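For reference, the structure is listed below as structure tokens.
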Amino acid sequence: MRTHMNACTHAGQPAHARAHVHQATMQADTHTRAHTRTHARTHAHTHTRRPAGLVSWAVLSLVDRRACEHNLSSSLPQLLDELCRCMRQAGMQLPDAQPPIVYADDAEVQREAPQLEEVFDHVRAKAAIAFKASPKLVLVVLDGSGNSRRYREVKELCYTQGILSQCVSHGKSRLGQQLRGPGFMPYCKNLVLKINAKLGGTNFSIADQGDAAGAWIPEPLRAPGERVTFWGVDVNHDSQHEPSVAAIIASVDAAATRYVTEVAMQDGPRREIVDGMEAAAARLLAAYAAANGGAFPTVIVLLRDGVSDTQFEELIAVEVAGIKRAAAAAVGCSTPPRLVALALLKRHGTRLFPEDKTRTCGPGGNVMAGTVVDALAPSPATEFLLVPHGGSIGTLKGVRHVLLVDEVTLSPDELQRMCYWLCYLVCRCRRSVSLPAPVFYADLAAKRGRCLLACPDDASLSSDASWGRRMRRVQQQAQTQQTQHAAGGGVGGRAGGSGADAGAGGSGDRPPAAPL
């Protein structure tokens, strides 16, 4: 659909532009299809496309028992009842009994397990008694006060012990408070999306009119023998002094719903271009081949977030060249994959306003989700502005997409539609988001990598050497725990994980789905 709108550029001068809105038929899960104009699926449609199963799990509350049970109608057992109901409604297989609940402030726990690591050992023992198996998932209740150190400790401990974790905010879940309206249900629905993805399930996929999960992929990439993988790259710079953390995410299935992760420390702080791209790309290509019967991808679509216009040449010279070298050196990869590389820029001053608000206006007077403007670009074939999500507050500005490399020769419409539909594949959201799923996951993975590599003692973060030691220690702990679990028949950990449980290290022992 074509329409007219006004655009306010970074110089503050209004401009009149012609735009079009991508509404490429359907977004689907197993039982429900919703036209894109509605944009969001309701909470009533909850069955996931490929639900996961859960044999053994447990709950650990790091919040006082009194705070969790202050109101019996909104206590922690009540939250678990609602969560189990939502998980079964989504098709997930659960044991009949509720998971054991351990309160860290109980006298018995404080006496037998004064340290957090010992508390987790106590939780694992409780789950093993209840379900005759080590827990695959631990639900951890945090106070929600922004205590990032406690969150970091929980994530690192679960990672090194090979246990999946899902944190629950005491404040956001309204535990122990007076509930109104739907109660715990909306919060539990969102938890189910994260839990199912972490357990290896698939929440959503996109189906075209032909009802094929990959039909939204451009026609040249769906030719017989073509195998496409979508890569997202982002770098975290949360500190002025600590080394930056880079994350590279790669899809390993045709529907772009399952991902493997590489997270690595950069050579120094504020370093945007990924230094170890060649080594990371080699491991991701090997993970793709392992998940696809030894077959390597024929096309890599690279979506790069965080770079500026002045870094395009360096990105091509370092990152793109590193991927090509890794593909050329991969054992068993006879034909190097072709590459499509796009840079995504969020920092710009362009705002879009629909001219005809009776026909083209979305929520809050904003443009509709899927709006694309390429008339203002110097070259519409290589640059466009995409607004993939809706918004009821404020003014949407969209994301600027710049095509850097195209060895497939995609048309502008194919490129724009592909980027738009990737924004619907984030496992933790029931609507489109502002970034394609691989980039969204890469951002989460980079943050998780920093979370795992951060030392409890901030003073020890002053040198690159201490960070290197920290990374090696985390990886060694994970490998040791995985070996112990494998020998004991328990649940093994994942060195890399998915966007849902991304961490430092290589790709995991099975390709998962995607992040927390």
Side-chain angles (χ1 to χ4, degrees), residues 52-60 62 92 94-95 99-100 102 113 115-140 142 150-168 194-201 247 252 258-263 283 287 290-291 444-445 447-454 470-516:
L54 188 57
V55 176
S56 176
W57 58 315
V59 180
L60 169 62
L62 299 180
M92 299 180 65
L94 299 177
V102 175
Q115 302 297 324
L116 184 61
E117 185 172 358
E118 296 171 339
V119 173
F120 268 90
D121 291 338
H122 186 78
V123 170
R124 294 174 61 181
K126 289 279 190 179
I129 294 173
F131 300 113
K132 311 302 181 185
S134 296
K136 196 173 183 180
L137 173 77
V138 175
L139 210 67
V140 183
L142 299 176
R150 178 50 61 93
Y151 173 85
R152 190 167 60 229
E153 291 172 350
V154 167
K155 288 299 178 182
E156 180 189 338
L157 193 56
C158 289
Y159 173 75
T160 55
Q161 292 192 0
I163 304 175
L164 297 175
S165 62
Q166 176 59 58
C167 293
V168 175
K194 295 182 179 182
I195 292 172
N196 186 65
K198 291 180 180 183
L199 293 173
V252 295
R258 300 174 68 79
Y259 293 80
V260 289
T261 306
E262 282 291 328
V263 179
R283 290 190 289 269
L444 292 176
K447 292 178 180 177
R448 176 61 54 79
R450 180 171 295 281
C451 172
L452 291 173
L453 299 176
R470 178 67 170 175
M471 172 175 279
R472 288 190 294 271
R473 186 171 71 84
V474 170
Q475 293 174 341
Q476 289 169 359
Q477 288 175 343
Q479 293 169 359
T480 301
Q481 288 292 339
Q482 290 166 19
T483 303
Q484 293 173 350
H485 286 307
V491 180
R494 288 178 286 172
S498 64
D501 206 88
S507 49
D509 55 356
R510 60 182 175 86
L516 166 68

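What you see is a predicted model; the values in this text were computed from it and never measured. As a basis for the values below, the full set of heavy atoms in this structure was taken, side chains included, without hydrogen atoms, waters or symmetry mates.
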Report task. List the steps, then state whether side-chain contact (heavy atoms from CB on, under 4.5 Å) holds for R448 with V263. Result -> CA-CA 9 Å; R448 176 61 54 79; V263 179; over 6 Å; no

Is the closest side-chain heavy-atom distance between [X] and [Y] below 4.5 Å?
X	Y	result
K136	S56	no
F120	V154	yes
P95	W57	yes

Roughly how far, to the nearest 0.5 Å, is [atom2] of [Y] from [atom1] of [X]?
X	Y	atom1	atom2	value
I163	L157	CD1	CG	7.5 Å
L62	Y151	CG	OH	13.5 Å
L116	E156	CG	CD	10.0 Å

Please name the pair of heavy atoms, one in [X] and one in [Y], separated by the smallest distance, quoted to 0.1 Å.
X	Y	answer
V252	A291	CB-CB, 4.1 Å
A52	N196	N-OD1, 2.8 Å
C158	S165	SG-CB, 3.5 Å

Query - Partner set under salt bridge (Lys or Arg N to Asp or Glu O under 4.0 Å) for K447, not counting sequence neighbours - result: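 Expected list: D443.
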
Requested in this report: Check step by step if side chain to side chain donor-acceptor pair (under 3.5 Å) holds for Q166 and K198.
Outcome: CA-CA 9 Å; Q166 176 59 58; K198 291 180 180 183; 3.1 Å; yes

**Report entry** Sole residue of K126, R124, Q161 in side chain to side chain contact (heavy atoms under 4.5 Å, CB included) with P135
**Finding:** R124

